[in-house]
Amino acid sequence: MKIKAPVAKNEQLDVKIMDLTYQGLGVAKVDDFPLFIENALPGEEVTVQVTKVQKHYGFARVTKWSVESADRVVDIDKTYRQTGIAPLQHLAYPAQLKFKQHQLEELFNKAHQDVTVAPTLGMANPTQYRNKAQVPVRKVKGQLETGFYRQHSHELIPLTDFYIQDPAIDTAIVKVRDLLRQFEIPAYDEINDKGVIRNVMVRRGYYSHEMMIVLISRQQKIPSQAQLVDQIHKALPEVTSIILNVNAKKTNVIMGNVTRVLYGKPTIEDELLGLTFAISARSFYQVNPQQTEKLYQMAIDKAELTGKETVIDAYCGIGTISLALAKHAAQVYGVEIVPEAIEDAKVNAQKNHLTNVTFEVGKAEDQMATWQAAGVKPDVIVVDPPRKGLADSLIESATKMGPKKVVYVSCNPSTLVRDVARFNELGYEIDGPVQPVDQFPQTPHVESVTVLVKK
Ligand code: SAH
């Protein structure tokens with residue numbers, strides 16, 4: 001172990017970038033001591049100034065590029081790279097797709113697992129794809145602003161064009177911002193825990209064009225609420241739902257537990273693979289509708305259903321994968337922890353005239369054990385967990401039920417690799433290549449589909 005870092009704060013040095021971290025930072029090594037460098041790409045030779053030194057690693061910023069990467073693209077706007085919105089926008093899109101494939105390959109390699117990773121399935125136009133925005137509202141230089149945080153901070157950078165969002169959503173955010181200014185509604189002040197509007201969330205149906213606006217407020221009532229709501233839906237004809245969400249806590253969690261409909265319906269509708277879905281404010285819904293159709297189609301194809309199977313969809317959200325699979329299976333069971341999402345899922349089953357689906361509210365790990373105890377014998381289990389991956393107990397109950405196949409939709413390669421190792425111990429192995437699907441262009445997020453079969 002190193003006693004002393006080989007670099008000091010403010011020191012200038014010439015380095016070569018060897019790698020890109022999961023967060024999209026360039027990595028250079030000085031005698032094995034890693035320096036993380038914003039806006040630096042593998043292969044580049046740069047002069048850097050050290051900005052921070054910690055025990056096992058440091059940070060630096062580029063002051064001069066001697067050799068630039070062939071994969072570097074000119075920043076459209078450097079704020080996109082500086083915020084969490086598009087930290088990879090300086091990397092050409094084909095190189096982003098390779099980077100994601102490589103992330104998975106490396107993690108499987110490190111875990112000594114011999115796995116093939118297919119090339120990442122990308123988008124033809126990897127911008128303006130998001131169907132949802134969740135932006136902080138803060139006072140900056142005396143004025144209420146909407147925008148995005150600088151990475152690793154709570155400093156708001158005002159933005160009006162978010163680059164990766166549906167432009168109709170960008171327009172809506174600016175309109176809401178202008179109305180908040182006009183009615184002099186105070187922005188949330190995080191430091192003193194004062195003010196009113198914390199965040200604005202906008203979701204727009206890709207096919208339906210129905211728009212939902214959620215105003216996330218520290219207070220039960222927004223000043224001039226009735227006029228504000230009236231002006232919002234007058235200014236934005238696509239708006240079919242305006243929701244108040246109250247979050248009085250001092251927390252980074254965006255939404256609170258109370259939601260009230262201020263105008264229109266509690267849900268908006270959208271379509272995926274020809275099915276209709278109602279989506280409420282607090283339900284999870286995939287943010288890249290074009291890629292989601294590809295992702296789900298892949299999960300359906302990989303499940304290889306004939307119409308006779310019993311299927312479990314764990315972490316089912318509003319039932320999107322469950323219902324897409326129900327068309328090709330005998331019986332589908334879904335489980336999800338958010339009660340509103342399961343209410344949506346039940347409505348969605350009815351909307352699509354699918355009666356062979358049962359939805360339960362609960363923790364997937366508990367419900368899986370319940371189904372196992374009740375003697376449910378699934379042929380296929382689909383899991384689509386959040387970033388923390390699967391609970392060990394879920395993998396145990398799942399494998400005890402003995403499905404022929406497990407289709408693992410993952411949004412975090414490191415927990416995927418960990419969970420695959422556990423499945424291996426319990427008699428399941430990877431079948432075919434791991435398939436990354438780019439759900440989040442311009443960001444380092446890696447989504448993938450993996451099939452496991454009984455050994
Ligand atoms: N398959 C869905 C949702 C995937 S996102 C889709 O594609 O739309 C993951 C979902 O898991 C979220 O809806 C989240 O609310 C839910 N979730 C998180 N932890 C959970 C747990 N322990 N048990 C069940 N669901 C959980």
Side-chain angles (χ1 to χ4, degrees), residues 130-132 134 201 203 205-206 253-255 257 259 267-273 275-300 302-303 311-326 329 332-349 352 357-372 380-398 406-412 415-416 419 435 437-440 445-450:
R130 279 185 68 102
N131 61 6
K132 174 185 163 181
Q134 204 156 246
M201 196 265 253
R203 208 180 235 158
Y206 178 71
V253 176
I254 293 177
M255 285 210 205
N257 290 328
T259 46
T267 55
I268 56 163
E269 276 191 8
D270 197 21
E271 274 174 46
L272 281 170
L273 299 175
L275 295 164
T276 305
F277 294 100
I279 313 149
S280 51
R282 296 218 299 148
S283 295
F284 175 90
Y285 186 66
Q286 298 279 356
V287 295
N288 186 333
Q290 299 165 69
Q291 291 297 91
T292 297
E293 291 196 321
K294 292 185 203 164
L295 180 76
Y296 287 178
Q297 192 56 53
M298 194 164 292
I300 295 167
K302 295 205 178 209
V311 180
I312 287 179
D313 176 18
Y315 309 89
C316 69
I318 61 168
T320 44
I321 296 179
S322 318
L323 297 178
L325 292 171
V332 179
Y333 296 90
V335 59
E336 157 65 44
I337 205 165
V338 174
E340 287 95 327
I342 288 295
E343 281 169 36
D344 291 348
K346 289 180 177 166
V347 169
N348 292 332
N352 295 290
V357 205
T358 315
F359 290 111
E360 306 286 349
V361 180
K363 284 190 182 168
E365 49 274 39
D366 298 345
Q367 187 59 38
M368 205 63 110
T370 306
W371 279 325
Q372 188 224 330
V380 177
I381 296 180
V382 179
V383 292
D384 184 5
R387 290 187 51 76
K388 70 175 180 196
L390 300 174
D392 206 52
S393 64
L394 182 142
I395 304 179
E396 280 168 26
S397 326
V406 176
V407 180
Y408 192 141
V409 181
S410 156
C411 60
N412 183 350
T415 52
L416 169 70
D419 293 345
Q435 176 65 63
V437 180
D438 195 17
Q439 294 286 92
F440 310 100
H445 293 285
V446 185
E447 186 101 5
S448 61
V449 185
T450 301

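Counting starts at 1 for both ligands and their atoms, following the listed order. A quick note: this is a predicted structure, and the numbers were derived from the prediction, not measured.
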Donor-acceptor contacts under 3.5 Å from residues 383-390 side chains, at least two apart:
unit_1 : atom_1 : unit_2 : atom_2 : d
Arg387 : NH1    : Tyr22  : OH     : 3.2
Arg387 : NH1    : Cys411 : O      : 3.4

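A donor-acceptor contact shorter than 3.5 Å links the side chain of Glu293 to the backbone of Leu273. Judged purely by atom type and a 3.5 angstrom limit, Ser280 has no side-chain atom pairing as donor or acceptor with the backbone of Arg282.
Glu336 and Tyr315 get closest at one heavy-atom pair: OE1-C, 4.0 Å. Contact detail for Gln439 and Leu295: the closest heavy-atom pair is NE2-CD2, 3.9 Å.
Around ligand 1 you find Phe284, Gln286, Tyr296, Tyr315, Cys316, Gly317, Thr320, Ile321, Glu336, Ile337, Val338, Gly362, Lys363, Ala364, Glu365, Asp384, Pro386, each with a heavy-atom distance below 4.0 Å.
Within 6.0 Å of NZ in Lys363 there are 12 or fewer heavy atoms belonging to other residues, nucleotides or ligands.
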